**Q** 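This is the structure I have questions about; it appears just below.
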2 protein chains.
Amino acid sequence: MAEPSPKHDVFQAIADPTRRRLLRLLDDQEMPVTVISGHFPMTRTAVSKHLRILADAGLVKEKKVGRETRYRLDPEPLLELKRWLAYYERYWENKLGALKRYVESEADS
Amino acid sequence: MAEPSPKHDVFQAIADPTRRRLLRLLDDQEMPVTVISGHFPMTRTAVSKHLRILADAGLVKEKKVGRETRYRLDPEPLLELKRWLAYYERYWENKLGALKRYVESEADS
DNA sequence: TTGACGCGAAACCATTTGGTTTCGTATAAT
DNA sequence: ATTATACGAAACCAAATGGTTTCGCGTCAA
């Protein structure tokens, strides 16, 4: 279970819209870099750097096949985001605000 | 319903760990800036700028009371994050990976 | 074996980010 | 009326970010 030295965390990784598009794209299929970068209005190198950031965050896995590197989505790290978000779940659980008002009244006492 | 010109979006807002801590802190209680900044190892001005970014993203509301500005959490914009995340929900819906393997086998055909 | 292809590394650049200190101003307290 | 408090604005700075072009290297094709 050795932590893979998360130089980039999930929150930071998904902050960029290009990287979110990458995740969506790679959700459908595994793809080599050149094909991937064909979907974006920037150089292959730029896309490659985004892919590296996603890989650092564990959101994407790379597989070398011949001279190409294929990437595919690994959604697992999104669970951390899900857990983080779950904390606020209570806010929109019961008609978005009932519990909120309750908590606020608790804070007064 | 005029969009308040979202200079900062939710994804970017929660990318910073300090801002995530701010959200947690303000979830409990409404607080003035000086009190808030007492919880962080940086200047009041720095915290104030983080609060502005959160406010831009709509994650926090400010209320002027006398000479102080009180902030409180507004979790509503987190729904966008929730919706974005919901797209990947199918991955861990059924034992985390069953569907994933299915999709991958689809890609082969 | 000689190219062409697929890719990352490196160097570079402009802009953004996260922080600081200093200052101005509005409000509250004495 | 004067002083202290609460805060934002502004100017500034170092580092990170998102992008580029150039180069080198491994791999497949002629």
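The sequence lines fix the lettering, A, B, ..., with proteins before strands; numbering per chain opens at 1. Everything quoted here is computed from the prediction, not taken from an experiment.
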**Q** Heavy atoms only: give me the nearest Met31(A)-Val35(A) pair and the separation to one decimal.
**A**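 What the structure gives for the nearest pair is CE-CG1, 3.4 Å.
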**Q** Identify the heavy atoms of Ala15(B) and Ala15(A) that sit nearest to each other, and give their distance.
**A** CB-CB, 3.8 Å
**Q** Which whole-number value in Å describes the distance from Arg70(B) CZ to dC7(D) P?
**A** 10 Å
**Q** With sequence neighbours excluded, what pairs up with Thr45(B) under the side-chain contact (heavy atoms from CB on, under 4.5 Å) test?
**A** Thr43(B)
**Q** Atom CZ of Arg52(B) to atom P of dG19(C): distance rounded to whole Å?
**A**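 Atom CZ in Arg52(B) sits about 16 Å away from atom P in dG19(C).
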**Q** Who are the salt bridge (Lys or Arg N to Asp or Glu O under 4.0 Å) partners of Glu80(A), not counting sequence neighbours?
**A**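 Partners of Glu80(A) under the salt bridge (Lys or Arg N to Asp or Glu O under 4.0 Å) test: none.
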**Q** In B/S/- notation, 5' to 3', how is nucleotides 21-30 of chain C contacted by protein heavy atoms closer than 4.0 Å?
**A** B-----BS--
**Q** From CD of Glu68(A) over to C1' of dA4(C), roughly how many Å is that when rounded to an integer?
**A** 15 Å
**Q** Check salt bridge (Lys or Arg N to Asp or Glu O under 4.0 Å) between Lys49(B) and all other residues, then give those that pass, not counting sequence neighbours.
**A**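 Lys49(B): no salt bridge (Lys or Arg N to Asp or Glu O under 4.0 Å) contacts found.
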**Q** So if I take residues 32-41 of chain A and measure heavy-atom distances to DNA chain C, which residues fall below 4.0 Å?
**A**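 The answer is Pro32(A), Val33(A), Thr34(A).
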**Q** Sequence neighbours excluded, which residues qualify as side-chain hydrogen bond (donor to acceptor under 3.5 Å, both in side chains) partners of Lys61(B)?
**A** none
**Q** Tell me, which pairs form a salt bridge (charged side-chain N to carboxylate O under 4.0 Å, His left out) where one or both residues lie in residues 12-25 of chain B, sequence neighbours left out?
**A** none
**Q** Which pairs count as ring pair (Phe, Tyr, Trp, His ring centres under 6.0 Å) when at least one residue sits in residues 9-40 of chain A, sequence neighbours excluded?
**A**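 Listed by first then second residue: Phe11(A)-Trp84(A).
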**Q** Is there any ring pair (Phe, Tyr, Trp, His ring centres under 6.0 Å) pair reaching into residues 47-78 of chain A, and which pairs are they, with sequence neighbours excluded?
**A**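 Non-adjacent pairs meeting ring pair (Phe, Tyr, Trp, His ring centres under 6.0 Å): zero.
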**Q** Who pairs with Arg44(B) by side-chain hydrogen bond (donor to acceptor under 3.5 Å, both in side chains), at least two apart in sequence or on another chain?
**A**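 Not a single residue meets the side-chain hydrogen bond (donor to acceptor under 3.5 Å, both in side chains) criterion with Arg44(B).
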**Q** Using the side-chain contact (heavy atoms from CB on, under 4.5 Å) rule, pick out the option among Arg72(B), Arg70(B), Arg52(B) that qualifies with Glu62(B).
**A** Arg52(B)
**Q** Heavy atoms, side chains only, cut-off 4.5 Å: are Leu81(A) and Leu81(B) in contact?
**A** yes
**Q** Using OP1 and OP2 only, check whether a side-chain N or O of Tyr71(A) sits under 4.0 Å from dG8(C).
**A**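 Yes.
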**Q** Quick one: Lys64(A) NZ to dT27(D) P, roughly how many Å, whole number?
**A** 8 Å
**Q** For nucleotides 14-18 of chain D, print each protein N/O atom paired with a nucleotide N/O atom at under 3.5 Å, atom names and distance only.
**A**
residue : atom : partner  : partner atom : Å
dT17(D) : OP1  : Gln12(A) : NE2          : 2.3
dG18(D) : OP1  : Asp16(A) : OD2          : 3.2
dG18(D) : OP2  : Arg19(A) : NH1          : 3.2

**Q** What bend angle does the helix from dT1(C)-dA30(D) to dT30(C)-dA1(D) show across its length, from five-pair end axes and to the nearest 10 degrees?
**A** 20°
**Q** Looking at Val60(A) and Leu73(A), what are the two nearest heavy atoms and their distance?
**A** CG2-CA, 4.2 Å
